[in-house]
S.K.: 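Structure in structure tokens, see below.
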Amino acid sequence: MSKTSLRPKVSSTKVTDWVDPSFDDFSENTGISVTATSLGVNNSSHRRKNVPSRLESSRFPARKREKPSSLEKIYGLENSKEYLSENEPWVDKYKPETQHELAVHKKKIEEVETWLKAKILERQPKQGGSILLITGPPGCGKTTTIKILSKEHGIQVQEWINPILPDFQKDDFKEILNPEASFHVFPYQSQIAVFKEFLLRATKYNKLQMLGDDLRTDKRIILVEDLPNQFYRDSHTLHEILRKYVHSGRCPLIFIISDSLSGDNNQRLLFPKEIQEECAIANISFNPVAPTIMMKFLNRIVTMEANKDGGNIIVPDKSSLELLCQGCSGDIRSAINSLQFSSSKGGNRLWPRKKGMSSIKSDAALSKSKQRKKTDKIFENQEVQAIGGKDVSLFLFRALGKILYCKRASLSEVDSPRLPLHLSEYDRDTLLVHPEEVVEMSHMPGELFNLYLHQNYIDFFVEVDDLVRASDFLSFADILSGDWNTRSLLRQYSTSIATRGVIHSNKARGFAHCQGGGWSFRPLHKPQWFLINKKYRENCLAAKALFSDFSLPALCLQTQLLPYLALLTIPMRNPAQISFIQDIGRLPLKRHFGRLKMEALTDREPGLIDPDSGDEAQLNGGQPAEEALGEPTQTAEPETCCLPLSQNSGSELPASQPQPFSAQGDVEEEEELIIEDYESDGT
Ligand SMILES: Nc1ncnc2c1ncn2[C@@H]1O[C@H](COP(=O)(O)OP(=O)(O)OP(=O)(O)O)[C@@H](O)[C@H]1O
């Protein structure tokens, strides 16, 4: 991209008189209707602040016209060039205009473009409504990409914006209190009803004509970024709407959902896999803006601002920019905002390095930063960004990778002391990650992280002795976090022991020079512990129910009595008892263990907590197990997520194994069946 392509945009395009007069009658005739707010306000940066309430604009048209006198003054001031250039946010001033200016990976742009072409430009008549779901972290350019591509291909964007309910007015209050006033009904429609109406109208009619809009094209898409809040509580309604839309929609519908690392996975809640398959919803997932790309854009903005203002801004050095790129977690909006704020006059204290304020092109600064680069890179996340730094979050996949692939710095790079000779067996190069920080950044409880580690560590070891040591550490960590009484206190220690234990035990990755040699990528998997633990609990229930006569605890029944009974060939009349003993009591004698199917952990998946595992779920207000298992996608609570799909199905239990309910059924039948005491006459 050429330097000129990132040009500042003059805001003269700001439109004050939005709606084309030809639509005047529309808003008057409909009490609750689709107006400028919900149809076609394309400027996302202004939409929330500047767009009046949808209902307000139809109910109180006169009030809107009162404002211009004061507004004119503001606009008069705002439109002056100096005011604009000084006060306009850089994020708007340097917003991309073409796809080549986007800080998005080319492949992603191509993916979106191909979809748009297939669904709009090469659309078959009577094709129905196609749906696209775009996901990715906030500020990575999802919305901007859609808007730019639409503009380039001459496609209208009809955008849904959550309507703001009308304010309760003074007059309304008076009317309510007036006993003589006739019964007054205030117009109200739920957000979902308004949303449905919007979809219907947006497919039927062209968008309202804004000044400057080219409406010669009839190609259009519907863009939904802010979904009505009710859908988060009742996602079934959204699914019904989607099903209907697929049949009756006439133009593509695009949803943009930002990833959240706090545990509430909106995508999984609103668009579960089944719905995606049923409605043939395409899914394009954006990545955070890569630091190199981000650096390029920030550099350009700073250079242009520095040239233009003639020293009016404080130019950060390269290392400060690098720090900024690292600290914004791939969010270009946040990075540009931080850059503007930090570079504004008087903001020099905001940069982490006091010395670093120099021209970005200065050779001295460049060479300095080159020297520093090496040492800076040794320890990750060491410096904290002074402003605008986001909480760095790691997806579980990456967090596990950081532990299992554990990067190290060689001795020559770091000046760290070595162990004495007699301990040389334990000598390792310096770790580049802090395992505890990695677990913290994964936003999940330590025990759960340990579970994932436990499931995956074996593939990363080459020596069986190392493996034994690692499993020792994991067992120790398990003991620390096993007792609910001390769990909260010892959790951190447990995590440290598990992560550092696994890292240290693995001699094959103990030194910087043997990092990655012959190590190809290894897929990660979800813990099978959930399924095994679920089976265990079910077996406990079944054992207690079937062998209640023995009055033994479930553990004792399963580990002592049943294996014993299995060895004695005692005839039993109760088929449930027989099948249970065969399954549980003879487990060690089975020749072929059926290996459970492994479920791959993908790069964006959050860690899942077993909802029916007991205290953890209960502490977090988890719902009953049956409910969670039956409807895995219904759990909206952040920390009471459901089981992984492959692990929540009761049908995966061996056919011979009694289910808790069937076991109960058998118990009821037992009232008629007489369970004979075990007599030795048959043997
Ligand atoms: N080179 C660039 N590429 C993409 N966006 C840029 C660029 N330069 C500046 N921006 C600005 O960054 C912001 C990116 O926000 P955008 O709404 O596209 O992100 P998003 O991924 O949809 O995130 P969110 O879901 O939080 O809105 C926009 O305001 C855009 O103008």
Side-chain angles (χ1 to χ4, degrees), residues 1-11 13-14 41-50 88-109 111-113 132-152 157 159-162 221 223-227 254-262 264-267 270-271 283-305 321 324-325 328-341 343 388 390 393 604:
M1 187 171 61
S2 70
K3 276 190 182 175
T4 48
S5 62
L6 237 182
R7 59 201 170 275
K9 274 82 196 177
V10 184
S11 300
T13 50
K14 275 183 185 167
V41 180
N42 280 344
N43 193 341
S44 64
S45 60
H46 295 294
R47 67 192 178 194
R48 287 179 192 85
K49 293 164 272 170
N50 297 353
E88 194 180 6
W90 289 359
V91 82
D92 289 337
K93 199 167 164 185
Y94 296 101
K95 75 177 182 204
E97 293 278 306
T98 67
Q99 57 171 291
H100 306 291
E101 295 174 23
L102 279 168
V104 177
H105 199 283
K106 270 193 186 131
K107 275 195 177 166
K108 288 290 159 201
I109 303 175
E111 264 183 69
V112 179
E113 196 171 21
L132 171 66
L133 172 65
I134 299 185
T135 53
C140 68
K142 302 181 289 291
T143 318
T144 316
T145 305
I146 282 290
K147 289 185 174 171
I148 284 178
L149 288 177
S150 309
K151 203 169 118 191
E152 288 186 355
V157 180
E159 190 173 355
W160 162 261
I161 290 150
N162 275 332
I221 53 170
L223 182 63
V224 181
E225 212 176 337
D226 293 334
L227 273 165
I254 300 180
F255 289 94
I256 295 182
I257 306 266
S258 282
D259 294 339
S260 149
L261 282 167
S262 58
D264 52 335
N265 194 326
N266 293 334
Q267 187 198 337
L270 298 170
F271 299 92
N283 187 354
I284 299 178
S285 168
F286 277 50
N287 293 320
V289 178
T292 43
I293 301 182
M294 185 92 79
M295 188 71 186
K296 206 169 80 182
F297 281 93
L298 296 191
N299 248 324
R300 281 196 187 143
I301 292 176
V302 164
T303 314
M304 289 169 75
E305 283 292 321
L321 279 184
L324 202 149
C325 291
C328 67
S329 303
D331 179 341
I332 192 161
R333 184 175 39 216
S334 151
I336 297 176
N337 284 337
S338 305
L339 181 71
Q340 182 174 16
F341 188 52
S343 309
K390 286 180 137 192
S393 300
R604 295 280 172 87

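Numbering of ligands and ligand atoms starts at 1, following listing order.
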S.K.: Hey, is E101 close enough to R300 for a salt bridge, meaning N to O under 4.0 Å?
M.R.: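 Looking at R300 together with E101, the answer is no, because their closest N to O distance does not fall below 4.0 Å.
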S.K.: Salt bridge or not for E88 and K95, using N-O below 4.0 Å?
M.R.: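 The answer is no: the pair does not qualify as a salt bridge.
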S.K.: Return yes when P96 approaches ligand 1 closer than 4.0 angstrom through a heavy atom, no otherwise.
M.R.: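 Per 4.0 Å heavy-atom rule, P96 contacts ligand 1.
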S.K.: Has ligand 1 got any nitrogen or oxygen that is less than 3.5 angstrom from a nitrogen or oxygen of I256?
M.R.: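 No, no N or O pair falls under 3.5 Å.
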S.K.: I'd like to know if E225 pairs up with K142 as an ion pair, taking the criterion as any Lys NZ or Arg NE/NH1/NH2 lying under 4.0 Å from an Asp or Glu carboxylate oxygen.
M.R.: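 No salt bridge links E225 with K142.
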S.K.: side-chain contact (heavy atoms from CB on, under 4.5 Å), that's the test. Do L132 and I221 meet it? Break it down for me.
M.R.: CA-CA 10 Å; L132 171 66; I221 53 170; over 6 Å; no
S.K.: Could you say whether the N/O atoms of I332 and ligand 1 ever approach to under 3.5 Å?
M.R.: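 No, there is no polar N/O contact under 3.5 Å.
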S.K.: Would you confirm whether Q99, through its side chain, and I109, through its main-chain N or O, come within 3.5 Å as a donor-acceptor pair?
M.R.: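 No, because the side chain of Q99 does not come within donor-acceptor range (under 3.5 Å) of the backbone of I109.
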S.K.: Relative to atom 21 (O) of ligand 1, which among R333, K93, H100, K142 owns the nearest non-hydrogen atom?
M.R.: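 Nearest option to atom 21 (O) of ligand 1, by heavy atoms: K142.
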S.K.: Of the choices P89, A103, G136, which has the non-hydrogen atom that lies closest to atom 3 (N) of ligand 1?
M.R.: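 Minimum heavy-atom distance to atom 3 (N) of ligand 1 goes to A103.
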S.K.: Taking only heavy atoms of E101, which atoms of ligand 1 are found under 4.0 Å from at least one of them?
M.R.: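 Those atoms are 1 (N), 2 (C).
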S.K.: Could you tell me which atoms of ligand 1, counted from 1 in the order shown, lie closer than 4.0 angstrom to a heavy atom of Y94?
M.R.: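 Matching atoms, with element in brackets: 8 (N), 9 (C).
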S.K.: I want to know if ligand 1 touches D92 in the polar sense, i.e. an N/O pair below 3.5 angstrom.
M.R.: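 No, no N or O pair falls under 3.5 Å.
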S.K.: Check this for me - ligand 1, L102, N or O atoms closer than 3.5 angstrom, yes or no?
M.R.: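 No.
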S.K.: Quick check on contacts: which atoms of ligand 1 are under 4.0 angstrom from a heavy atom of I336?
M.R.: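 Going through ligand 1 atom by atom, the ones under 4.0 Å from I336 are 8 (N), 9 (C).
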S.K.: Give yes or no for whether the N/O distance cutoff of 3.5 Å, strictly under, is met between T144 and ligand 1.
M.R.: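 By distance alone, the answer is yes.
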S.K.: I need the contact type for C140 against ligand 1. Using non-hydrogen atoms and a strict under-4.0 Å cut-off, is it side chain, backbone, both or neither?
M.R.: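 The part of C140 near ligand 1 is both the backbone and the side chain.
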S.K.: Flag the pair V112 / F286 as yes when at least one side-chain heavy-atom distance between them is below 4.5 Å, and no otherwise.
M.R.: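 V112 reaches F286 side chain to side chain.
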S.K.: What is the distance from atom CG of D226 to atom CD of E159, rounded to the nearest 0.5 Å?
M.R.: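 The CD atom of E159 is 8.0 Å from CG of D226, to the nearest 0.5 Å.
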S.K.: Heavy-atom contacts with E225 under 4.0 Å: which atoms of ligand 1 show up? List them by number with element.
M.R.: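 Result: 22 (O), 24 (P), 25 (O), 27 (O).
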S.K.: Closer than 4.0 angstrom: is that true for some heavy atom of K147 and an atom of ligand 1?
M.R.: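 Heavy atoms of K147 never come under 4.0 Å of ligand 1.
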